[in-house]
Amino acid sequence: MADRSRTCVHPQSPPKVVRLCPANLLPKWRKARAPNRQPRKPSALPAPRYLQPMLDLSVADVLSRKEAVVGQRVRLKGWVRTRRDSKAGISFVLLSDGSCFDTVQAVAPAALPNYTSEVLRLTAGCAVEIEGQAVASQGKGQSVEVQADVVRVVGWVEDPDSYPIQPKPHSFEYLREVAHLRPRTNTFGAIGRVRHCLAMAVHRFFHERGFFWIHTPIITGSDCEGAGQMFRVSTLDLANMPRTPQGTIDFSQDFFGRETHLTVSGQLNVETWCMALSKVYTFGPTFRAENSNTSRHLAEFWMIEPEIAFADLAQDAQLAEDLLKFMFRALLEERADDMRFFADRIDKQCITRLEHLISSPFERMDYTDGIRHLEAASSKGKRFDFPLSWGTDLQSEHERYLTEELVGRPVILMNYPKDIKAFYMRMNEDGRTVAAMDILAPGIGEIVGGSQREERLDMLDRRLDEMRLDKHTYSWYRDLRRYGTVPHAGFGLGFERAIVYATGMNNIRDVIPFPRTPKSCEF
RNA sequence: UCCCCUAUAGCUCAAUGGUAGAGCGGGCGGCUGUUAACCGCCAGGUUGCUGGUUCGAGUCCAGCUGGGGGAGCCA
């Protein structure tokens, strides 16, 4: 015994280093001590020094290592989800610390000194530390529970009646209005862990394949990165703007001495590093000031943009397919608990959809063939609101037909007409299409957009002229074609759209911690 | 930005132009190794904002603001 009392267990140590103690010890000293205890303020409850080492564990630790934990004294810290009382003299407290989807049930006996004064007043959201013995549960619904001998209230909920997160289903629209508290719900806890899992999978995928993560700038000096409105970055006094003699705003007096914006894409910058490190990617926030009010758009979102040298469109498409499969495989393996929840409560198909995606090759289809399929469907009676013709961009209804009805899973659409795509995309032999690809996903639409880049300076210049873009603005981009140019390709993957696809959540504002959308930036 | 819908208790929703209701959550009590527990009682409201029609507006009309669905832009 004395030996054990000196066994100091570091909070982060794995439980296997701790020796087991006979389970029948616990009730004895608990009964012996409880009657003599005077009720105290909870936060002042001392940590009892028992004969057994204390394990500081997360809920995930307890639930994932049941056998190793049963019989141990443990200390858990977290927030109360629910409390149920039994007049048999015990209360059941469900504790969550966010380390996994499930909660641990703590059984608090009436003999606790602060039972009536505090335990019976616990409500959803209270922060507590619970110490006790992990035991095999007598009840249904959990295999391990904690027989608490200390319940210490760390933080009360000041007005349980109006606490915004009640133990009941809430609408996502409502939870968006309390975005600072919604991580405490089942759904958003799961979203947070899924986000992390997928982000780590992205980095692992590229790292294992010899890619380098390039930190492309957030602030950009070129306002021509791509289509779309940009957010201005300025330290000028809005109420008193400096003017040039011509009357325009004098950006030479601004912080950077020129007009600057938040980036809408890291692509042009990462291409420069691709031309030296061969395989690179960016993964960071991007900003679009478009007035887009849909369930698929955010003003601030995260994008993954790989760029590969000595590569063509086919290799680019294969990379995108491999990345998506890697991410979703990791998700199913590492966050089975959260995905089970999404399948139960959000989207019954989400797990089988991912399993199907992982196990079958993506459909590849030329834009021209896509148009043919759509025309064939139309002639068979399929109704489209918008007309079809080669050379126009596909409407949402067209994309939806291809990916949802015709193919039933993601489809890679390739080789688009040049006039509907960006200047940097490589001209094909036919002179009328470019080596572009979009991956369309059911329920999402475009999840990936990419292309082989135009590496031939004369062709690039011709495109710049056609689109009436200023060559000076792109001088450094053109330099890449002057000095050791090589064929290269890349794509952009919308991180939140990937999460929407994986979880079946139907609004992109609910898969990012703090959504920024037009007229909405409260938190 | 355009079209359609919508705003009532802490939350989810009821209420023919005529006294503001329920369920859940909260408080109190009962019962129970409970599992979205169950039973009883109690508290809880400037019906989003501004104006209008009417004897009378939660309800009808106009404007504004927020939210949702769809479209465009895109990832």
Side-chain angles (χ1 to χ4, degrees), chain A residues 81-94 102-109 120-125 135-142 145 147 157-178 181 185-186 226-229 264-267 285-305 320 345 385-386 393-397 399-400 420-422 438-441 444-450 491-501 506-512 517-520 522:
Chain A
R81 277 293 173 79
T82 64
R83 188 201 80 230
R84 292 183 297 273
D85 306 319
S86 164
K87 276 295 170 351
I90 50 177
S91 287
F92 302 94
V93 176
L94 288 189
D102 289 311
T103 52
V104 158
Q105 174 167 282
V107 184
L120 288 181
R121 290 196 205 148
L122 287 175
T123 54
V135 297
S137 179
Q138 301 171 28
K140 294 174 183 173
Q142 65 281 326
E145 65 188 22
Q147 288 285 347
V157 167
E158 65 172 28
D159 180 13
D161 185 40
S162 61
Y163 177 55
I165 307 297
Q166 298 167 0
K168 56 167 282 183
H170 289 293
S171 70
F172 293 134
E173 294 81 11
Y174 165 70
L175 290 171
R176 242 172 263 152
E177 295 171 6
V178 286
L181 299 173
T185 63
N186 281 334
Q229 290 291 110
V264 295
S265 164
Q267 181 202 317
T286 50
F287 308 87
R288 307 247 170 121
E290 294 292 338
N291 192 9
S292 297
N293 296 288
T294 80
S295 57
R296 302 174 302 282
H297 291 86
L298 292 165
E300 176 183 282
F301 64 101
W302 287 63
M303 190 154 59
I304 298 141
E305 296 176 283
R345 294 297 179 88
D385 291 333
F386 291 87
D393 219 349
L394 298 181
Q395 301 290 319
S396 282
E397 57 176 351
E399 295 181 350
R400 202 172 286 167
I420 59 173
K421 288 294 180 182
D438 286 352
I439 301 185
L440 310 177
I444 313 290
E446 187 178 343
I447 194 172
V448 165
F491 62 84
L493 166 62
F495 188 52
E496 284 76 18
R497 287 190 178 177
I499 300 171
V500 165
Y501 178 76
N506 50 32
N507 196 314
I508 201 166
R509 300 169 191 195
D510 298 325
V511 300
I512 189 167
T517 54
K519 301 281 185 292
S520 175
E522 189 178 353

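Letters A, B, ... mirror the listed sequences (proteins, then strands); counts begin at 1.
In this entry the distance linking CD of A/Glu177 with C1' of B/U65 reads 13 Å, nearest Å. As rounded to whole Å, 18 Å separates atom P of B/C74 from atom CD1 of A/Ile444. Between the P atom of B/C74 and the CD atom of A/Gln267 lies a distance of 14 Å, rounded to the nearest Å. In this structure, CD of A/Glu446 is placed 6 Å from C1' of B/A75, rounded to the nearest angstrom. Spacing between atom CG of A/Asp385 and atom C1' of B/G70 amounts to 11 Å, rounded to whole angstrom units. Look at CD on A/Glu300: it is 21 Å from P on B/C74, rounded to the nearest Å. Distance NE2 (A/His170) to P (B/G23): 18 Å, rounded to an integer number of Å. Rounded to whole Å, atom C1' of B/G67 lies 12 Å from atom CG of A/Asp510.
Contact record, A/Ile304 with A/Phe495: CD1-CD1, 3.8 Å, taken as the closest heavy-atom pair. When all heavy atoms of A/Arg84 and A/Gln105 are compared, the closest pair comes out as NH2-OE1, 3.2 Å. Taking all atoms of both residues into account, the shortest heavy-atom contact from A/Thr82 to A/Pro167 is CG2-CB, 4.0 Å.
Among the nucleotides B/A71, B/G25, B/C73, the one closest to the side chain of A/Lys168 is B/G25. The side chain of A/Ser162 lies closest to B/G10 when the candidates are B/A75, B/U34, B/G10. For A/Asp393, the listed nucleotide lying nearest its side chain is B/C74; candidates were B/U34, B/A71, B/C74. The side chain of A/Asn291 sits closest to B/U1 out of B/U1, B/C74, B/A71. Nearest nucleotide to the side chain of A/Leu298, out of B/A75, B/G72, B/G26: B/A75. With B/G69, B/G25, B/U34 as the candidates, the nucleotide lying closest to the side chain of A/Pro167 is B/G25.
Checking the phosphate oxygens (OP1, OP2) of B/G33, a side-chain nitrogen or oxygen of A/Ser86 falls inside 4.0 Å. Contact between the side-chain N/O atoms of A/Asn293 and the OP1/OP2 oxygens of B/G67 is not found at any separation under 4.0 Å. Proximity of A/Ser292 to the phosphate of B/C74: no side-chain N or O atom is located under 4.0 Å from OP1 or OP2. Under 4.0 angstrom from either OP1 or OP2 of B/G72 there lies at least one side-chain N or O belonging to A/Ser396. Remark: A/Arg121 is not in phosphate contact with B/C28, judged by side-chain N or O atoms under 4.0 Å from OP1 or OP2. Side-chain nitrogen and oxygen atoms of A/Gln395 include none within less than 4.0 Å of the OP1 or OP2 phosphate oxygen of B/A71. The side chain of A/Arg84 contributes an N or O atom lying less than 4.0 Å from OP1 or OP2 of B/A37.
With C1' as the reference atom, B/G29 and B/A36 are 22 Å apart, rounded to whole Å. Taking atom C1' on both nucleotides, B/G67 is separated from B/A15 by 23 Å, rounded to a whole Å. Taking atom C1' on both B/G44 and B/C11, the two are 13 Å apart, rounded to the nearest angstrom. Separating the C1' atom of B/G25 from that of B/C38 is a span of 16 Å, rounded to the nearest Å. B/C61 and B/C4: their P atoms are spaced 14 Å apart (whole Å). Nucleotides B/C60 and B/G69 have their C1' atoms positioned 25 Å apart, rounded to a whole Å. Only the C1' atoms considered, B/A22 is 33 Å distant from B/G70, to the nearest whole Å. When the C1' atom is compared between B/A20 and B/G58, the two are found 9 Å apart, to the nearest whole Å.
Using a 4.5 Å heavy-atom threshold, the side chains of A/Met303 and A/Gln267 count as separate. In this structure, A/Ser295 and A/Asn506 have side chains that are not in contact, with every pair of non-hydrogen atoms separated by 4.5 Å or more. Contact check for A/Lys519 versus A/Asn293: no side-chain heavy atoms found under the 4.5 Å cut-off.
Mapped onto RNA chain B by nearest heavy atom, A/Phe92 and A/Arg400 fall at different nucleotides, with A/Phe92 at the one closer to the 5' end. The nearest heavy atom of RNA chain B to A/Arg509 and to A/Met303 marks one nucleotide each, and the one closer to the 5' end goes with A/Arg509.
The CD1 atom of A/Ile508 sits 5.5 Å away from atom CZ of A/Arg497, with the distance rounded to the nearest 0.5 Å. Taking CG of A/Leu94 as the reference point, atom CZ of A/Arg83 lies at 11.5 Å (rounded to 0.5 Å). With rounding to the nearest 0.5 Å, the separation of CD in A/Glu496 from CG in A/Leu298 is 6.0 Å.
The side-chain ring of A/Phe495 is not stacked on the base of B/A75, judged by centre separation under 5.5 angstrom and plane angle under 30 degrees.
Partner assigned to B/C38 is B/G30, using Watson-Crick or G-U wobble distances below 3.5 angstrom. Pairing for B/C60 goes to B/G52, judged as Watson-Crick or G-U wobble with the two contacts each under 3.5 Å. Remark: B/U65 base-pairs with B/A7. Criterion, Watson-Crick or G-U wobble with two distances under 3.5 Å. As the counterpart of B/U1, B/A71 is assigned, both hydrogen-bonding distances of the Watson-Crick or G-U wobble pattern falling under 3.5 Å.
With hydrogens and angles ignored, no donor-acceptor pair closer than 3.5 Å exists between the side chain of A/Asp161 and the base of B/G10. For a distance-only test at 3.5 Å, the side chain of A/Glu145 qualifies as a donor-acceptor partner of the base of B/G33. For B/G10, its base sits under 3.5 Å from the side chain of A/Gln166 at one donor and acceptor pair at least.
At the heavy-atom level, A/Thr294 lies under 4.0 Å from base atoms of the strands shown. A/His297 comes within 4.0 angstrom of a base, heavy atoms only. Among the heavy atoms of the strands lying under 4.0 Å from A/Tyr174 are primed sugar atoms or P, OP1, OP2 only; no base atom is included. Contact annotation for A/Ile90: base contact, defined as any heavy-atom pair under 4.0 Å involving a base atom. Among the protein residues, A/Val448 comes within range of the sugar-phosphate backbone only, with heavy atoms under 4.0 Å from sugar or phosphate atoms but none that close to a base. Among the heavy atoms of the strands, none lies under 4.0 Å from A/Arg81.
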